[in-house]
Every structure is written in structure tokens, then in C-alpha cells.
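A quick note: this is a predicted structure, and the numbers were derived from the prediction, not measured. Hydrogens, waters and symmetry mates play no part in the numbers below; they use all other heavy atoms, side chains included. Proteins get letters first, then strands, A, B, ... in listed order; numbering begins at 1 in each.
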Protein chains: 2
Amino acid sequence: MGVRAESRERTIAAVKRLGRAQLAEVGAPGLSLRAIARDLGMVSSAVYRYFPSRDALLTALIIDAYDDLGQTAEAADRILDRGEPMRRLLAIASAVRTWALAHPNEYALIFGSPVPGYQAPQDTIAPASRVPLLLLDVLQSIDVRIPQSRAFSPQAQAAIAPLRRDFAPGLDPTMLSLGYALWEFIVGAVSMEAFGHQRNTIEPSAREVFFAEQVRSLAALLLQAD
Amino acid sequence: MGVRAESRERTIAAVKRLGRAQLAEVGAPGLSLRAIARDLGMVSSAVYRYFPSRDALLTALIIDAYDDLGQTAEAADRILDRGEPMRRLLAIASAVRTWALAHPNEYALIFGSPVPGYQAPQDTIAPASRVPLLLLDVLQSIDVRIPQSRAFSPQAQAAIAPLRRDFAPGLDPTMLSLGYALWEFIVGAVSMEAFGHQRNTIEPSAREVFFAEQVRSLAALLLQAD
DNA sequence: CATATTCGAGAGCAGTGCTCTTGACTCCTC
DNA sequence: GAGGAGTCAAGAGCACTGCTCTCGAATATG
């Protein structure tokens with residue numbers, strides 16, 4: 001931990017900070033290592049001492065975005081302190097939506113179009129799993145038995161077998177399937193809003209409550225035993 | 001409609017065809033007008049006679065993608081010929097998913113990250129509305145009364161007021177809200193699958209039936225009056 | 001036939017990611 | 001303290017991009 005390593009850490013943080021700023025202005029496609037170097041008062045080749053490629057910088061920003069989103073969702077859940085499952089689901093979903101609208105380009109980085117030819121490294125898996133694992137924790141706190149009439153078929157249950165084996169062995173497969181659907185809905189609804197697909201259809205001022213009631217309706221599938 | 005105009009049309013079609021091919025290979029960020037010109041045996045400046053900018057070409061490809069997706073969904077629905085609402089919803093959802101997996105880069109173009117600074121022109125609105133309008137048509141064929149206990153609040157209903165006014169004046173607002181949620185789920189689930197977010201979680205071979213049963217579960221909210 | 005329009009080619013500008021070499025500077029070891 | 005090892009920024013340069021401009025040639029229209 002010499003003064004050298006600390007200086008290096010500072011430079012890396014500065015590059016990431018400027019990268020995030022550029023992301024907010026021109027988005028991921030417009031992120032330029034040369035522009036970052038200019039803002040930093042360095043020449044472009046110097047930045048390559050810290051990030052071997054533009055993709056490597058993007059990977060770092062992706063991991064940071066996943067972590068920031070996960071931390072935000074976890075904080076929103078933690079405030080409730082052993083709250084009801086429905087309230088927790090609403091809090092998490094709203095936190096994801098709010099974060100996405102506040103950081104649209106970082107959200108696009110993680111849930112938007114993948115960079116062609118770019119394979120997400122292993123390092124992203126854990127940060128990417130924070131919100132899903134949080135939702136899984138809520139699912140496991142639900143003590144409702146979903147009626148047989150709504151149960152998923154064995155073939156459909158096979159789809160989530162790896163997920164169940166690794167993270168939720170005791171969880172009812174139908175519960176997990178519907179919980180996963182809720183997560184996919186959240187991603188879809190937030191993506192469509194953040195990406196401008198609701199421009200002429202959904203009243204902006206009412207989007208927040210609209211989204212919350214949609215989540216409530218879908219979550220009811222998990223919580224009602226009728 | 002002289003021979004000149006026809007030749008122009010042919011060249012435009014060729015540029016778009018090569019653009020689509022490049023899209024499939026290197027994705028939207030890698031789409032290069034110069035490369036298209038090379039494949040076409042022309043010099044890059046000549047292509048600008050047909051598309052004033054790279055963004056204009058992308059817009060044309062976006063419109064084509066929307067139209068292709070919409071046409072595919074409409075065809076899948078038309079086969080059923082006055083089918084049950086549930087079967088129609090399943091057919092449309094599956095058609096969207098299948099099309100997206102067959103054309104991942106074109107799907108990413110329309111439902112992935114928006115190009116920063118790129119404002120979708122009016123021309124894209126109609127093609128983009130084809131699938132939603134198709135779903136709306138199914139919703140209007142449902143003669144189930146959603147119980148008061150599941151009704152959306154007036155504030156939430158206000159969100160879809162513009163949509164209802166322009167396209168479905170007589171439709172129950174709660175029905176429309178839940179139908180919109182179904183559409184958002186479809187986009188979310190298909191996006192996550194097409195963008196590789198199910199890599200280590202959902203068994204590939206069972207994804208199709210898993211998705212179908214998820215759609216069935218959510219659509220049940222629209223079709224059950226209990 | 002003459003004119004007007006369209007078209008492709010070529011050069012050129014400013015920007016990009018990335019590589020390689022060079023010189024300076026710092027740190028550790030003897 | 002002197003010398004070698006490692007680190008860093010700079011600069012030049014390559015191949016690529018989108019885009020603009022000008023200039024001839026071909027074509028269609030009056």
C-alpha cells in the first residue's frame with residue numbers, strides 16, 4: 001500500500017468518475033477514452049495504463065452500476081425492517097425504478113442491448129445477482145401455499161431447476177416461477193419507461209403510482225392462496 | 001416512376017439488406033456505412049445519396065424491424081381465427097419471443113438501449129404500435145368483469161387516460177392496466193432472454209414452455225372473474 | 001438538341017481505439 | 001549513496017469511422 005498504489009487507485013477512480021459523467025452525457029456508445037484522457041489532462045495512451053481497453057472500462061462501470069442498484073434496493077428493503085412481503089416487494093420494485101430513472105444510461109448499460117462480441121466476465125455475476133437474491137429472500141419469507149390449480153407443469157418447473165438447486169432448494173417451484181415473472185415484469189416496465197416507450201401512452205405524472213399498482217396486482221399472484 | 005426511381009429503390013433496398021446483415025454480425029454499434037459501401041462496390045460518399053446519415057439508416061432499419069415483428073405477431077394471431085383470448089395472447093407472446101430470438105440484434109434495436117441523442121421520428125410510432133394494438137384487440141374481446149377488489153385506483157387509472165381515450169374508450173381501465181402489465185412482462189422476459197440475462201439461471205431447453213406458462217399465469221389475471 | 005438533375009468517385013477533415021517507442025521519474029536493493 | 005527495476009506519461013503512428021465538398025459523367029426532361 002505505498003503511495004504509488006494509492007495514486008494509482010485515485011487515478012482509476014478519476015477515470016471511472018469521468019467515464020460515468022460521459023456516460024450520462026453521451027451514453028455508452030459515445031464513451032471515449034480519448035475524451036476522458038483530455039478531461040484528465042493526460043494523453044490517451046496514458047489511460048491504457050489503467051484500463052487495457054475501452055471494454056475493460058465499460059466492464060468496470062457495469063459492475064459499479066450493478067452494485068449501486070443492488071445497494072439502493074437493499075437499502076430500500078432494509079428500512080422496512082422485517083416488513084410484510086408485499087410492502088417489501090413494492091419497496092424493492094420502486095427503488096429499482098427510481099434508480100433507473102435517475103441513472104438511465106447506467107441502467108441501459110446493464111439491462112439494455114448487450115455490446116456485440118462482449119462476453120460478460122465472471123466478476124459481473126455476483127453484483128448482477130443482488131436484486132434477484134433480494135427478491136428471492138422475500139419469496140422465501142412468504143408462507144402462502146399456491147393452489148394446485150395454478151401450479152406450473154413439470155416441464156416448466158425444469159426451467160428453474162438450476163436456480164432452485166443453487167439458491168432456493170426448499171422454495172415452491174411455482175412460487176419461484178411467478179417471482180421470476182415479477183422480476184421480469186419489473187425489468188420490462190422500467191426498461192420501457194426509461195427507454196422512452198411510454199412517451200405518448202402513459203401519463204408521466206401518474207407513472208409512479210401506476211407502476212406500483214401493477215406490481216401489487218402481479219405480486220398478488222404470489223400472496224393469495226384463493 | 002421512371003427507370004431512375006426504380007433503380008434508386010433497388011439501391012436503397014440493397015443498402016438496407018446489407019445493413020441488416022451487418023446488424024446481425026456486429027450489432028448496431030458496429031454498423032458502418034463505409035463497410036456497406038464496400039460490400040456494395042461503391043465509395044462511402046455515394047451511400048449518402050440514399051441515406052443522409054447513419055442515424056437515418058438506423059431509423060429505416062428500426063421501422064422495418066417494428067413492421068416485421070408486428071407482421072409476425074399478426075400472422076400468429078390470424079391463424080387462430082377467432083380463437084379464445086387466452087390462446088390468442090399465448091400465440092402473440094410466443095411469436096414475439098420467437099421473432100426476438102431469431103433476430104436478436106433487430107430486437108435490441110427497437111427494445112434495447114436507445115441511441116443517445118436520437119429522437120425517434122413520428123414515422124416509427126405506427127409500426128411500433130402494431131403489437132400493442134393487437135393485444136388491445138384481444139383485451140377488447142374479453143367479456144370478463146374484473147372484480148372491484150382488484151380495481152386500480154383513480155390515480156393509477158389516470159396514467160392510461162391518453163391511451164384509453166385514443167384507442168380503447170370503452171375498455172375497463174383495470175383491464176387495460178393489467179393488459180399493459182402483460183405487455184411489459186413480455187418485453188422484459190424476452191429482453192432478458194435475448195440479452196443473455198438467463199445464462200446461468202434458466203435451462204435453455206425449457207425456456208419456451210416456461211415463458212408460455214408465465215404468460216398464462218399473468219393472463220389469468222385478465223380472464224378470471226373470481 | 002440543350003438543359004437540368006442525379007449519381008458515383010475522390011480527396012479531405014476531424015474524430016476514434018489501440019500499439020509501440022522513448023524518456024523521465026520513483027522505488028527497492030546492494 | 002549508487003545502480004538497476006519497475007512505473008508512468010508522452011508522442012507518433014496505424015487503421016478505422018462519419019461526414020462534407022467538389023468534380024466529372026451519365027441520364028432524364030424540356
Side-chain angles (χ1 to χ4, degrees), chain A residues 1-16 18-23 25-62 105 109 113-119 121, chain B residues 1-23 25-62 105 109 114-119 121:
Chain A
M1 324 277 162
V3 77
R4 278 256 276 263
E6 278 179 24
S7 159
R8 182 174 181 85
E9 284 303 315
R10 262 204 312 273
T11 309
I12 287 180
V15 170
K16 290 209 278 189
L18 288 173
R20 243 182 317 265
Q22 238 188 70
L23 217 57
E25 283 174 27
V26 291
L31 186 140
S32 154
L33 269 176
R34 290 182 113 109
I36 292 175
R38 270 196 300 274
D39 290 357
L40 218 68
M42 298 200 311
V43 86
S44 73
S45 59
V47 180
Y48 283 85
R49 295 261 168 214
Y50 303 95
F51 293 93
S53 71
R54 201 190 92 117
D55 272 10
L57 173 57
L58 273 179
T59 297
L61 293 178
I62 286 173
N105 282 296
L109 206 56
S113 325
V115 178
Y118 169 83
Q119 183 79 309
Chain B
M1 327 287 155
V3 76
R4 276 255 276 259
E6 279 180 23
S7 158
R8 183 175 179 84
E9 285 302 314
R10 263 205 312 274
T11 310
I12 287 179
V15 171
K16 290 209 277 188
R17 201 185 60 245
L18 288 173
R20 241 178 323 260
Q22 240 189 67
L23 218 56
E25 283 175 27
V26 292
L31 185 138
S32 154
L33 270 176
R34 289 182 113 109
I36 291 176
R38 270 194 300 274
D39 290 359
L40 217 68
M42 297 200 311
V43 86
S44 73
S45 59
V47 181
Y48 283 84
R49 296 263 171 217
Y50 304 94
F51 293 93
S53 71
R54 201 190 93 119
D55 273 11
L57 173 57
L58 273 179
T59 296
L61 293 178
I62 286 173
N105 282 296
L109 207 56
V115 178
Y118 169 84
Q119 183 78 310

Exercise. Mind calculating the distance between CZ (B:Arg34) and P (C:dG15) to the nearest angstrom?
Key: 15 Å
Quiz item: When all nucleic acid strands are considered with a 4.0 Å heavy-atom cut-off, which category describes B:Ile36: base, sugar-phosphate, or nothing?
Solution: nothing
Self-check item: Spacing between B:Glu6 atom CD and C:dT6 atom P, to the nearest angstrom
Solution: 17 Å
Quiz item: Under 4.0 Å between a side-chain N or O of B:Ser53 and OP1 or OP2 of D:dG18?
Solution: no
Quiz item: If you measure from CD on B:Gln22 to CG on B:Leu33, what distance do you get to the nearest 0.5 Å?
Solution: 8.5 Å
Self-check item: Nucleotide C:dC18, atom P - distance to OH of A:Tyr50 in whole Å
Solution: 17 Å
Exercise. Could you check whether A:Gly30 gets within reach of a base, just the sugar-phosphate, or nothing at all, counting any heavy atom under 4.0 Å?
Key: nothing
Self-check item: Most 5' of A:Ser32 and B:Ala46 on DNA chain C, judged by nearest nucleotide
Solution: B:Ala46
Ignoring hydrogens and angles, write down the donor-acceptor pairs under 3.5 Å from the side chains of residues 36-57 of chain B, residues two or more places apart or on other chains.
unit_1	atom_1	unit_2	atom_2	d
B:Ser53	OG	B:Asp55	N	3.4
B:Ser53	OG	B:Ala56	N	3.1
B:Arg54	NH1	B:Ala28	O	3.4
B:Arg54	NH1	B:Leu31	O	2.5

Using the 3.5 Å cut-off, write out each protein N or O paired with an N or O of nucleotides 20-23 of chain D and the distance between them.
none

Quiz item: CD of B:Gln22 versus C1' of D:dC16: gap in Å, rounded?
Solution: 13 Å
Exercise. Could you tell me the separation between the CG atom of A:Leu40 and the P atom of D:dC8, rounded to a whole number of Å?
Key: 14 Å
Quiz prompt | Phosphate contact (C:dC7 OP1 or OP2) by B:Arg8 side-chain N/O below 4.0 Å | solution = yes
Quiz item: Touch check for B:Leu31, heavy atoms < 4.0 angstrom, all strands: base, sugar-phosphate only, or nothing?
Solution: sugar-phosphate
Quiz item: Quick one: A:Leu57 CG to C:dG17 P, roughly how many Å, whole number?
Solution: 10 Å
Quiz item: C:dT16 phosphate, OP1 or OP2: any side-chain N/O from A:Arg38 under 4.0 angstrom?
Solution: yes
Practice problem: Enter the distance from A:Arg20:CZ to A:Asn105:CG here, rounded to the nearest 0.5 Å. | Solution: 13.0 Å
Quiz item: For B:Arg54, which contact category applies under a 4.0 Å heavy-atom criterion: base, sugar-phosphate, or nothing?
Solution: sugar-phosphate
Quiz item: In whole Å, what is the span from the CE atom of B:Met42 to the P atom of D:dG18?
Solution: 14 Å
Practice problem: Quick one: label A:Phe51 by what it contacts on the DNA or RNA (base, sugar-phosphate, nothing), any heavy atom closer than 4.0 Å. | Solution: nothing
Quiz item: Rounding to a whole Å, what distance do you find between B:Ile12:CD1 and C:dT6:C1'?
Solution: 13 Å
